[in-house]
Amino acid sequence: MQSSSRSGRPLSPHLQVYRWQYTMTLSILHRVTGCALSLGLLLLVYWLVALAGGQQSYADALVVFRHPVTKLVLAGLSFAFFYHLMNGVRHLTWDTGHGLERKSARTSGWVAFIGSVLLTAVFWVLIFNRIGEAA
């Protein structure tokens, strides 16, 4: 790697130069949740096709969706949705020029993460209560 003749530092900073920061984690998590949501669309399409396929097809899909692993995947996808949504709002706020200060950025990052955990928990409590009422 080339270095500047005066400072001895590399001309192109790389991960080896930077200390790990929370913003890196939040950025990576935002990208991972976006990819997870894209893959999660496959479950949505499966459900819609089963719904359009008739009663037996839908009943077969319900067996898949009632499996504990599928429920775990759906819980993860709901977290991905809420995190991606809240972090997207955070980025839109930054686009207006607000919240770019270090303290505000750190606070908004925690709000996005903790808020998405809380929204996921509330979402699943509401789902389980709705299922309990239907039974």
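Values below: all heavy atoms of this structure, side chains included; hydrogens, waters and symmetry mates excluded.
Counting non-hydrogen atoms of other residues, nucleotides and ligands closer than 6.0 Å to CD of Gln21 gives a total above 12. Other residues, nucleotides and ligands contribute over 12 non-hydrogen atoms within 6.0 Å of the NE2 atom of His91.
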**Item:** Chi angles and distances behind the side chain to side chain contact (heavy atoms under 4.5 Å, CB included) call for Glu101, Ser104
**Value:** CA-CA 5 Å; Glu101 301 80 26; Ser104 296; 3.3 Å; yes

**Prompt:** Are Arg90 and Thr93 close enough, and set up right, to give a side chain to side chain contact (heavy atoms under 4.5 Å, CB included), and what steps lead you there?
**Reply:** CA-CA 5 Å; Arg90 178 178 176 234; Thr93 304; 5.7 Å; no

**Prompt:** Val64 and Trp47: side chain to side chain contact (heavy atoms under 4.5 Å, CB included), yes or no, with the steps?
**Reply:** CA-CA 10 Å; Val64 172; Trp47 179 75; over 6 Å; no

**Message:** Go through it in stages, so that I can follow the logic: the residues are Phe81 and Leu77, the test is side chain to side chain contact (heavy atoms under 4.5 Å, CB included), and I'd like the CA-CA distance, side-chain angles, deciding distance and then a yes or no.
**Reply:** CA-CA 6 Å; Phe81 172 77; Leu77 286 171; over 6 Å; no

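Two residues are said to be in side-chain contact when any heavy atoms from C-beta on lie closer than 4.5 Å; Ile127 and Phe123 meet this criterion. Side-chain contact between Arg106 and Thr23: absent, with no pair of heavy atoms (C-beta onward) separated by less than 4.5 Å. At a threshold of 4.5 Å between non-hydrogen side-chain atoms, the residues Lys71 and Pro68 do not count as touching.
The other members of the hydrophobic cluster of Leu26, by chain and number, are Tyr22, Leu29, Phe79, Tyr83, Trp110, Phe113, Ile114, Val117, Leu118 (side-chain heavy atoms under 4.5 Å, ILVMFWY only).
To the nearest 0.5 Å, atom OG1 of residue Thr70 and atom CG of residue Leu43 are 7.0 Å apart. The distance from the CG atom of Leu85 to the CG atom of Leu37 is 10.0 Å, given to the nearest 0.5 Å. Rounding to the nearest 0.5 angstrom, the gap separating the CH2 atom in Trp94 from the OG atom in Ser108 is 5.5 Å.
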